[in-house]
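Residues: numbered from 1 along the sequence shown.
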Amino acid sequence: MDAEPCRADLAERLRGLAAVAAARNVLGTPYAWGGGDTSGPTVGFCDGVNGYLDGVCQADHTVGFDCSGLALYSWYQASGGTIVLPHYSLLQHDHGRHLEPDQLIPGDLLFFAEPGGPIYHVGIYLGHGAMVHAERTGTVVRVLDDVFHDPTWAPRYVGATRPSPLDNHLGNPTPDIDSGTTGHTGPSGHRSVDP
C-alpha cells in the first residue's frame, strides 16, 4: 500500500509529512467527542448518545480530539493555515483528491464506514500500512500499525483523500461542527454511538 504515485508532487509530499508530524506531536492526547480545532485539542461535548463512557458524559470535561478534529488540526498546521477542513469526517472526504490504495502517501486521510453506511471515521495515513487516529471515548490519539489488516478497521475502509489548498473553502475560516442533524452522525461523522 506504499507505492507512491508519480502525480504526488514535492509540495504534496511535504504537506503530508508535516500533517503526520503534527498528528504524532499529539499522540496520547485523550479522545473527546467534538474536540479539536485548528489550534489544538479542545473540550468536547456529549450529544445525548456520543461522548459517554459507561453511561457517563466524559467529553464535556475532557480536552482532546475526535477523529475529524485531529485531521483538521493536523492539516491546518501542516499547510500553514491554507487547508481548513470541516469538523466532520463525511465532509472531509470531499476536501481533496480521492485516491486509490496504491497512491497513498503519508498524510493522506483514510475514511471508514459500516457497509452501506455513511463515513463515520477518519485517520491519517503514516505509511507502511499504519495510521494515527482518535478512535473513541476512553481512548487516546494513537498509532494503529496495520490498518489494512486490522479486524475492526480493514473491512470498514472506504477510501482516501489528499487535502489540497485548491479545494479549501476560504470563505469559512473556522471549521464547522456538524451536530448530525439526521441523528445518524455527529461532529466526526461517527454513527450514533462511539465505535
Hey, quick one: are V63 and Y52 part of the same hydrophobic cluster, counting side-chain heavy atoms closer than 4.5 Å, chains of contacts allowed?
no

Heavy atoms of L109 and I124 approach each other most closely as CD2-CG1, 3.8 Å

Counting N and O atoms only, with roles assigned by atom type, does the side chain of R156 sit under 3.5 Å from a partner on the main chain of H121, one being a donor and the other an acceptor?
no

For residues T161 and P163, report the shortest heavy-atom separation together with the two atoms involved.
O-CD, 3.5 Å

Given side chains that start at C-beta, do those of V141 and V132 come closer than 4.5 Å, heavy atoms only?
yes

Pairwise side-chain contact, Y31 with D66, heavy-atom cut-off 4.5 Å (strictly under):
yes

Does the side chain of P30 reach to within under 4.5 Å of the side chain of Q58, using non-hydrogen atoms?
no

To the nearest 0.5 Å, what is the distance between CG (L14) and OG (S79)?
13.0 Å

Could you tell me whether H95 and W75 have their ring centroids closer than 6.0 angstrom?
no

Report the relative orientation of the aromatic rings in F111 and H93; use parallel for angles under 30°, tilted for 30 to 60°, perpendicular for over 60°.
perpendicular

Determine whether F65 and V140 fall in the same hydrophobic cluster, where Ile, Leu, Val, Met, Phe, Trp and Tyr are linked whenever their side-chain heavy atoms lie under 4.5 Å apart.
no

Between A59 and W33, what is the shortest heavy-atom contact and its length?
CB-N, 3.7 Å

Tell me every residue that passes side chain to side chain donor-acceptor pair (under 3.5 Å) with H61, counting only those two or more places apart in sequence or in another chain.
none

Rounded to the nearest 0.5 Å, how far apart are SG of C67 and OH of Y120?
9.5 Å

Between R162 and D108 the two heavy atoms that sit nearest each other are NE-OD1, 2.8 Å

For Q92 and P86, indicate whether the former's side chain and the latter's backbone hold a donor-acceptor pair under 3.5 Å.
yes

Determine whether L126 and P106 make a side-chain contact, defined as any pair of heavy atoms from C-beta on separated by less than 4.5 Å.
no

Say you draw a straight line from CG of L17 to CD of E12; how long is it, rounded to the nearest 0.5 Å?
12.0 Å

Correct closest heavy-atom pair for A19 and A78 would be N-CB, 3.2 Å

Pairwise side-chain contact, Y125 with L99, heavy-atom cut-off 4.5 Å (strictly under)
no

With a 4.5 Å cut-off on side-chain heavy atoms, are V143 and R24 touching?
yes

Between T38 and L72, is there a side-chain heavy-atom distance shorter than 4.5 Å?
yes

Quick check: closest heavy atoms across G117 and A113, and the distance to 0.1 Å?
O-CB, 3.5 Å

Using the six-membered ring wherever Trp is involved, compare the ring planes of F148 and Y157 and label them parallel, tilted or perpendicular (cut-offs 30° and 60°).
perpendicular

Rounded to the nearest 0.5 angstrom, the CG-CE distance for L104 and M131 is 12.0 Å

Could you check N25 against Q77 for side chain to side chain contact (heavy atoms under 4.5 Å, CB included), going step by step and ending with a plain yes or no?
CA-CA 11 Å; N25 282 338; Q77 296 298 313; over 6 Å; no

